[in-house]
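Comments concern the structure below.
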Amino acid sequence: MRAYYFDNLSGDQRAPHDSGNQVDSSVLEKIGVLHWHIPVPTDGKYTAIDAVARERDYKNRDIITITKEGLGDSYESKLKIFYEEHMHEDEEIRYILEGSGYFDVRSHPADDWIRCSVVAGDLLVLPPGIYHRFTLDEKNTIKAMRLFKDEPKWTPYNRSDATDANPYRQEYLKWIA
Ligand code: KMT
Ligand code: NI
């Protein structure tokens, strides 16, 4: 998975916005962002994903297709929500099955955007409390498996003074320090 600093230029969120400064896995690890590449099985048997799910105790999963056809009337509103800077009180785990897109995560302590460019086979885990956002890229299509521990806790908490004080955010900052 390629990751780089976002260029902070205005313009289409779907454009690469590649500053040319690469970010290695070790930098991502320090902010709790994990990733693996597991080629998407062609026989529908997700053996490697099942193993990761067992190891990390992800009991449930579903599949989301983010395309105009897949989301229908909620397409534009969903895309807007995904790209608002937010955090969750649980891990955000995504295994990309088809297509591609960008997950932007905040660096620490500089608070810069790091753009994670995901393609089919990428498995990305964002820790609870990290500020992040998602966008489709210029190809406009992604299909992903969403894994979760128990009940899905999708609630996005948009960044504000209240999220800065959220206990999961506080715990994340303590861990990072
Ligand atoms: C999220 O939570 O941002 C999403 O599920 C959208 C991206 S999934 C490829
Ligand atoms: Ni999210």
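Both ligands and their constituent atoms are indexed starting at 1 by order of listing.
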What is the name of the N/O/S atom in [X] that sits closest to the Ni ion (ligand 2)?
X   : answer
H88 : NE2
H86 : NE2
E92 : OE1

Compare E84, R94, R133, M145 and give the one whose heavy atom is closest to atom 2 (O) of ligand 1.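 Heavy atom nearest to atom 2 (O) of ligand 1 belongs to R94.
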Side-chain donor-acceptor pair present, D122, H37, cut-off under 3.5 Å: yes
Taking atom types as modelled, is there a side-chain donor on R115 or Y4 under 3.5 Å from an acceptor on the other?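 There is no such pair between these side chains.
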Looking at ligand 1, is there an atom of it that comes within less than 4.0 Å of some heavy atom belonging to I66?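 Contact present.
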Within 45 degrees of the ring normal and closer than 6.0 Å to the centroid, is that where the cationic atom of R133 sits relative to F6?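 Yes, a cation-pi geometry.
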Of all the non-hydrogen atoms in the protein, which one sits nearest to atom 1 (C) of ligand 1, and at what distance? E92 OE2, 3.4 Å
Any atoms of ligand 1 less than 4.0 Å from a non-hydrogen atom of A144? List them with their elements.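 Reading through ligand 1 atom by atom, the close ones are 9 (C).
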In the structure I gave you, are the side-chain heavy atoms of L173 and H108 within less than 4.5 Å of one another anywhere? yes
Taking the side chain as everything from C-beta on, heavy atoms only, tell me whether E89 gets closer than 4.5 Å to N166. yes
Qualifying residue for side-chain hydrogen bond (donor to acceptor under 3.5 Å, both in side chains) with Y58, from E91, K149, R146: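 The passing option is E91.
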